[in-house]
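Notes to accompany the following structure.
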Amino acid sequence: MNFSELERIRVEKIERMRARGIEPYPTRAEVTHTTVQAIQLYEQAESAGSADPVQVSVGGRLRAIRAMGKVTFAHIEDGWGRLQLFFRVNELGEAEMERFRDDFDLGDFIQASGVMFRTRSGEITLHVHAFKMLSKAITPLPAAKDEIVDGKVVRHAALTDPETRYRQRYADLAVNPEVREVFRIRARAIKALREYLDNMGFLEVETPILQPIYGGAAARPFVTYHNQLKQNLYLRISFELYLKRLLVGMLDRVYEIGRDFRNEGVSYKHNPEFTQLEFYMAYADYLQVMEITEQMIAYVAQQVLGTTTITFDGNTIDLTPPWRRLELRQGILETTGIDIDQHPTAESLAEAMRAKGMQPKPGYSRGKLIDTLLGDYLEPTLIQPTFLYNYPRDISPLAKSMPGNPLITERFEGYIGGMELCNAFTELNDPLDQEQRFLEMGRDYNADDEERHPMDEDYLRAMSYGMPPCGGFGMGIDRLAMLLADRHTIREVILFPHLREEDRPGEKSEG
RNA sequence: GGGCGUGUAGCUCAACGGCAGAGCAGUGGCCUUUUAAGCCAUUGGUUCAGGGUUCGAAUCCCUGCACGCUCACCA
């Protein structure tokens with residue numbers, strides 16, 4: 001390891017400690033309470049009027065040291081909270097006071113034992129009678145100082161550089177407690193989703209991540225290779241086709257929470273790998289799935305935040321069911337003045353768009369043009385929860401057509417905060433129709449090999465055994481976490497988001 | 001991939017063609033109820049990398065790298 005001057009000073013402290021027979025990385029701790037438990041214990045004793053000393057042993061990272069000669073104050077922080085420590089020469093003696101001063105730095109993990117009390121200024125504090133090093137930090141944490149303003153911790157000069165925060169998430173988490181809270185929110189949301197679906201009788205399953213044929217979405221895959229099988233495998237871009245096979249096998253309600261991989265550009269709402277929830281429910285249609293969706297999201301918000309009203313990007317958003325339902329055609333008509341029903345062909349629709357001063361991509365299908373209208377004009381306006389429903393068939397190859405209108409499918413997408421959150425439909429379960437859709441898709445993408453999807457023969461074989469009518473649902477968990485934690489880029493809700501490889505010392509990067 | 005922007009001490013930031021600085025952190029000292037403790041002293045720099053212009057470059061120009069924003073792409 002290459003050490004900076006600051007680090008070298010700490011390494012020398014380690015050597016001095018070892019020379020004195022003190023282990024800077026002891027094998028075991030003897031911690032009896034968390035910081036928060038220690039404070040609660042004292043508050044209980046206080047309100048009960050007990051005179052018995054409240055003895056605790058706590059562990060945590062040193063976040064502040066205020067040495068004042070014969071007395072020293074410090075704050076430690078553990079995963080639950082923070083606690084002030086009070087060291088006084090009267091109890092510890094000169095030698096121990098000196099040992100603390102010489103051996104300990106900000107960032108070190110310390111164990112402290114003693115009796116809880118209140119200082120003159122009223123802060124519940126541990127009066128330290130004994131302490132030991134639990135783990136010596138060599139690298140100083142990105143410095144930050146705290147100020148208590150109206151009972152809230154205000155952190156000054158915290159680590160803010162996004163590159164450092166993402167590359168060294170451990171340091172980010174260590175000094176920015178609100179970042180830790182984001183990932184607690186995320187974990188609670190996933191737990192609540194599981195609870196909700198489990199209570200409905202859904203079975204959680206795991207399906208292949210390495211797939212011989214990828215499908216279920218339109219995205220370029222990551223490709224890998226199995227040496228013994230001598231074949232290419234693809235990292236899944238969705239779970240859909242495998243989960244629906246399970247309905248053929250009489251697992252009527254299944255869901256999976258896991259990682260999808262899409263070899264596409266990154267943005268504030270796209271990461272190459274992201275977490276998805278998909279569920280499939282036999283004998284349900286997209287209207288029932290719609291109701292489940294709004295109930296489920298409201299449940300999750302209630303469990304995670306204790307309310308169904310959230311704040312996202314400055315907007316107050318009410319997740320209470322029922323959510324607004326807006327036919328896609330109507331939504332586009334209202335935001336652009338274009339009635340897609342009046343334009344049954346791509347040419348006609350493109351002409352209408354040009355008449356409005358838009359620049360539709362040449363060669364786009366009618367469905368892709370509609371998707372452009374949706375993404376560019378309608379989506380940003382959908383701040384309050386909204387279900388857009390009834391999508392064109394040619395951009396919905398796995399969804400069932402509406403009875404009596406083969407060009408429209410029973411599909412909806414849920415939008416919140418101007419962002420697509422989920423996508424669902426009445427699943428296509430007619431194997432002959434499905435084969436036809438695959439063929440149409442192949443034609444659409446014939447020109448561009450990268451986007452063309454291979455025909456999944458085994459999926460058709462499964463469906464030809466008979467698939468019950470069913471509703472299916474997919475949702476980006478990262479985006480849900482963004483909404484619940486009020487974070488505006490996906491990297492803030494992914495612990496280790498992808499960044500370009502870091503320049504390594506000694507290696508010249510080639511132009 | 002395109003456009004715009006950023007890159008200076010461990011962290012947060014100044015200096016914008018003329019001696020590379022501050023606060024915090026660090027180091028040494030004083031201080032027995034502090035809490036962004038205070039006071040005194042002090043260390044610390046390949047100014048992202050490489051090239052160019054200039055008497056002189058952190059500053060201007062070029063190239064590269066990384067990051068951010070944005071556009072494109074992403075049923």
Without decimals, in angstroms, what is the distance between A:Gln84 CD and B:U33 P?
13 Å
Can you tell me whether the side chain of A:Asn90 and the base of B:U32 have a donor-acceptor pair closer than 3.5 Å?
yes
Between A:Phe496 and A:Arg169, is there a cation-pi geometry (under 6.0 Å to ring centre, at most 45° from the normal)?
no
Encode nucleotides 1-6 of chain B as B, S and - characters from 5' to 3', where the letter depends on protein heavy atoms closer than 4.0 Å: B to the base, S only to sugar-phosphate, - to neither.
------
Restricting to ring-ring contact (aromatic ring centres under 6.0 Å, His included), what partner residues turn up for A:Phe239, sequence neighbours left out?
none
Complementary nucleotide for B:C67 - Watson-Crick or wobble, under 3.5 Å
B:G5
Which residues pass the ring-ring contact (aromatic ring centres under 6.0 Å, His included) test with A:Phe387, sequence neighbours left out?
A:Trp323, A:Phe412
With sugar-phosphate meaning primed atoms plus P, OP1 and OP2, does A:Val89 contact a base, only sugar-phosphate, or nothing at under 4.0 Å between heavy atoms?
base
Would you indicate, yes or no, if B:U32 has its OP1 or OP2 atom less than 4.0 angstrom from a side-chain nitrogen or oxygen of A:Arg120?
no
Here the residues of residues 414-428 of chain A within 4.0 Å heavy-atom distance, strictly under, of RNA chain B are none
May I ask you to check whether A:His488 and A:Phe312 place their ring centers less than 6.0 Å from one another?
yes
With a 3.5 Å limit on both atom pairs, tell me what B:C30 is paired to, counting Watson-Crick and G-U wobble, or say none.
B:G38
Write down the distance between CZ (A:Arg167) and C1' (B:C65), rounded to a whole number of angstrom.
11 Å
Sequence neighbours excluded, which residues qualify as salt bridge (Lys or Arg N to Asp or Glu O under 4.0 Å) partners of A:Asp108?
A:Lys136
B:A72 C1' sits how many Å from A:Lys368 NZ, rounded?
13 Å
Sort and list the pairs that fulfil salt bridge (Lys or Arg N to Asp or Glu O under 4.0 Å) and have at least one residue in residues 109-130 of chain A, not counting sequence neighbours.
A:Glu46-A:Arg118
With both distances under 3.5 Å as the test, what is the Watson-Crick or G-U wobble partner of B:G23?
B:C11
Show me the donor-acceptor pairs, under 3.5 Å and distance only, between side chains in residues 414-421 of chain A and residues at least two apart or in other chains.
{"from": "A:Tyr415", "atom 1": "OH", "to": "A:Glu413", "atom 2": "OE1", "distance (Å)": "2.6"}

For A:Glu96, all residues meeting side-chain contact (heavy atoms from CB on, under 4.5 Å), sequence neighbours excluded:
A:Leu92, A:Arg99, A:Phe131
Counting just side-chain N and O atoms, does A:Lys361 come under 4.0 Å of either OP1 or OP2 of B:C74?
no
Does A:Thr160 contact B:U12 through a side-chain donor or acceptor facing the base, at a distance under 3.5 Å?
no
For A:Phe117, give me all partners under ring-ring contact (aromatic ring centres under 6.0 Å, His included), at least two apart in sequence or on another chain.
A:Phe86, A:His127
Side-chain donor/acceptor contact of A:Arg66 with base of B:U34 under 3.5 Å
yes
